[in-house]
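Read the structure below first, then the notes.
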Protein chains: 2
Amino acid sequence: MEFKRLRYFLAVAEELHFGRAATRLDMAQPPLSRQIAALEAELGVQLFDRSRSQIRLTQAGQTLQEHARQILARLDAAYRETKLIGAGGAGRLRIAFVGSASHGILPNLIKAFRSAYPEVELALSSMNNADLQRALVQREIDVAVARPELKDEEFRRELLYREKLILALPDTPHFAAQAEIRFADLADQTFVLYPRRPRPSYADVVLGICAREGFQPARLELTQDFQSAISLVSVGVGLSVAPESVARTQRPGVIYRPYVGFNPGTALTIHARLDNRAPQVMNFFGIARKHARRHAQERKTAQDAS
Amino acid sequence: MEFKRLRYFLAVAEELHFGRAATRLDMAQPPLSRQIAALEAELGVQLFDRSRSQIRLTQAGQTLQEHARQILARLDAAYRETKLIGAGGAGRLRIAFVGSASHGILPNLIKAFRSAYPEVELALSSMNNADLQRALVQREIDVAVARPELKDEEFRRELLYREKLILALPDTPHFAAQAEIRFADLADQTFVLYPRRPRPSYADVVLGICAREGFQPARLELTQDFQSAISLVSVGVGLSVAPESVARTQRPGVIYRPYVGFNPGTALTIHARLDNRAPQVMNFFGIARKHARRHAQERKTAQDAS
DNA sequence: TTTGCCAATACCTGAAAGGTATCGCATGAC
DNA sequence: GTCATGCGATACCTTTCAGGTATTGGCAAA
């Protein structure tokens with residue numbers, strides 16, 4: 001049995017005339033007659049009453065007509081839906097990101113993707129770099145937004161943007177009074193860093209700055225992610241070092257301040273498995289690339305102006 | 001697109017291995033690979049991730065798999081249902097019969113058909129001979145059970161059984177007292193006959209008997225069908241002449257009695273359009289033929305014994 | 001580097017679908 | 001009754017395409 005035969009059958013069932021049906025199907029009448037005869041033979045059933053000069057559907061023909069309509073409609077739906085998903089116009093995209101990414105351009109990027117592909121369902125979650133790597137490898141997510149970039153040859157990556165590091169300080173008179181803070185002067189402070197595991201991690205980047213500035217922090221508090229670290233800062237446990245984009249979101253008990261000293265900056269990068277060429281992923285990277293370029297351009301313009 | 005391709009696709013989607021899928025489909029691997037590739041080309045969509053040595057369904061592949069399952073299930077249902085109806089094992093059969101048929105073997109015949117083909121829906125109705133003929137010609141019914149047989153070369157027919165005529169008399173002392181009733185003695189009675197239109201009809205058969213017995217009824221009351229005629233007899237309007245099978249159903253106010261005199265008998269015959277070779281009709285005729293034979297045999301045996 | 005597995009490709013063969021011409025049969029006109 | 005007409009079925013040819021065998025290519029494990 002083939003779809004073609006069902007289509008032929010439907011045409012004849014609707015026209016009740018082989019010649020007209022053949023015309024409508026853009027073919028000659030003899031092969032159409034033969035296909036219908038073959039269909040009847042295949043089913044072992046009379047589908048048409050050919051008595052006299054007039055053709056009528058038998059009961060069996062009527063039920064087959066009903067089924068054929070539904071089958072072909074369903075086939076058409078399968079066709080359209082599959083093509084749409086295959087083109088990335090629908091489906092599902094699982095994105096995970098580090099906590100500190102939710103303050104930068106990532107929200108805009110996601111908004112842009114949503115408006116470009118409204119039918120793609122986004123599954124968003126937040127995790128630290130190590131979990132991002134594991135989840136990506138195990139195909140639990142499609143896209144990882146990490147800081148700094150994940151070291152894995154099997155990943156496709158696109159740099160979203162670079163930014164300076166700033167200090168996240170508890171809102172105390174001690175810090176508020178200072179016009180300028182030198183990193184080297186922070187040796188006796190408690191540093192709240194993250195993630196605790198696995199090491200080396202972003203925490204070691206900050207410890208690297210300390211070393212470069214000639215000290216080891218007096219006290220070290222390690223948390224699992226950025227959000228927890230900032231919480232500890234807000235209740236006065238100590239200070240932290242964060243990407244400057246997080247300063248856009250003000251939080252009671254926390255003040256953000258630039259510092260004087262070694263500032264390697266930090267970069268936000270999106271990743272996907274190289275072998276995951278799903279159109280949803282490729283489209284996301286496409287939009288991300290445009291966003292990254294525009295953002296870089298804007299920073300450059302702003303820098304030139306200042 | 002063809003069903004075969006969907007089946008191939010499903011096999012590969014389930015096995016996730018072209019070689020095993022090909023074995024399961026009882027074919028070689030290369031043509032299977034080609035068919036899948038053709039399907040992907042036709043849809044313009046990647047259905048499988050062939051990265052590394054392992055095969056995975058893409059999102060598009062997953063949705064197609066879902067659709068394909070439903071389409072093939074539906075196709076299978078269409079197949080089975082159409083074949084069943086085509087073989088007469090299901091569907092619908094419209095039977096109409098004259099009122100006087102509901103007392104003879106027709107109920108048994110219908111019961112027999114129902115138990116042989118329980119899935120065939122029976123649409124039963126009652127009408128007089130003239131309407132039976134019209135309804136059959138206009139394809140409003142499939143089978144007509146008529147008395148006497150319908151004169152039309154375009155009908156297939158099968159005689160169900162012949163029977164004697166008897167008198168249907170009002171339950172009065174006058175008739176109850178007589179041991180034997182001679183038809184010729186009924187000249188001064190009111191005859192309740194049917195149908196009124198169109199003529200000639202069964203009413204004229206009875207008038208023919210009267211003529212043969214040498215009289216015309218003193219009074220004539222014409223009704224549209226057998227049921228109405230018997231009702232009139234039951235309230236004492238007059239007498240009627242009926243097939244003896246109706247006597248099996250006793251009715252208050254009516255007594256059935258044989259008579260002495262000319263008795264041409266009457267026959268119940270089933271009809272269908274010659275061009276209606278629907279299996280439901282053919283099956284009904286088949287059962288009817290068996291019933292007719294058995295009934296004739298029983299009567300003969302009973303006759304020989306007496 | 002080699003071996004093995006597995007899908008893809010090359011090439012051939014055969015079945016089947018489509019086209020043209022024609023037949024057979026019924027219907028309706030004269 | 002005969003003839004013309006309409007329409008589906010059949011005969012025969014051509015072309016397309018699905019399937020088979022042999023082989024290649026690429027990746028992964030030994």
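In the text below, chain A, chain B and the rest are named by the order of the sequence lines, each starting its count at 1.
Between A:Asp49 atom CG and C:dA26 atom C1' there is a gap of 16 Å when expressed in whole angstrom units. Between the CD atom of B:Glu15 and the P atom of C:dA7 there is a distance of 11 Å, given to the nearest Å. B:Phe9 places its CZ atom 15 Å from the P atom of C:dA7, with the value rounded to the nearest Å. Regarding A:Phe48, its CZ atom lies at a distance of 15 Å from the C1' atom of D:dC7, rounded to whole Å. Taking atom CD1 of B:Ile55 as the reference point, atom P of C:dC5 lies 16 Å away to the nearest angstrom. Whole-Å rounding puts the A:Glu40 CD to D:dG8 P distance at 13 Å.
For residues 28-51 of chain B, the pairs satisfying ring pair (Phe, Tyr, Trp, His ring centres under 6.0 Å) are B:Phe9-B:Phe48, with sequence neighbours left out. Applying the salt bridge (charged side-chain N to carboxylate O under 4.0 Å, His left out) test to residues at least two apart or on different chains, the pairs with a partner in residues 119-130 of chain A are A:Arg92-A:Glu121. Sorted by first and then second residue, the salt bridge (charged side-chain N to carboxylate O under 4.0 Å, His left out) pairs involving residues 58-73 of chain B (not counting sequence neighbours) are B:Glu14-B:Arg69, B:Glu66-B:Arg69.
Residues passing the side chain to side chain donor-acceptor pair (under 3.5 Å) test with B:Glu40, sequence neighbours excluded: B:Arg50. By the side-chain contact (heavy atoms from CB on, under 4.5 Å) test, B:His67 pairs with A:Arg74, A:Ala78, A:Glu81, sequence neighbours left out. Remark: A:Arg289 engages A:Glu158 in a side chain to side chain donor-acceptor pair (under 3.5 Å) (not counting sequence neighbours). Every residue meeting the side-chain contact (heavy atoms from CB on, under 4.5 Å) condition with B:Ala21, not counting sequence neighbours, appears here in chain and number order: B:Ala11, B:Val12, B:Glu15, B:Leu32.
Within 6.0 Å of atom CZ in A:Arg24, more than 12 heavy atoms from other residues, nucleotides or ligands are found, so the atom counts as buried in its surroundings.
Side-chain nitrogen and oxygen atoms of B:Arg50 include at least one within less than 4.0 Å of the OP1 or OP2 phosphate oxygen of C:dA8. One finds no side-chain N or O of A:Ser33 lying less than 4.0 angstrom from the OP1 or OP2 phosphate oxygen of D:dG8.
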For each nucleotide in nucleotides 10-24 of chain C, reading 5' to 3', give B when a protein heavy atom comes within less than 4.0 Å of its base, S when such contact involves only the sugar-phosphate, and - otherwise. -------SBBBB---

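Shown here for A:Gly89 and A:Val120, the closest heavy-atom pair between the two residues is C-CG2, 4.0 Å.
Within residues 16-24 of chain A, the residues that have a heavy atom under 4.0 Å from DNA chain D are, in order of number, A:His17, A:Phe18, A:Gly19.
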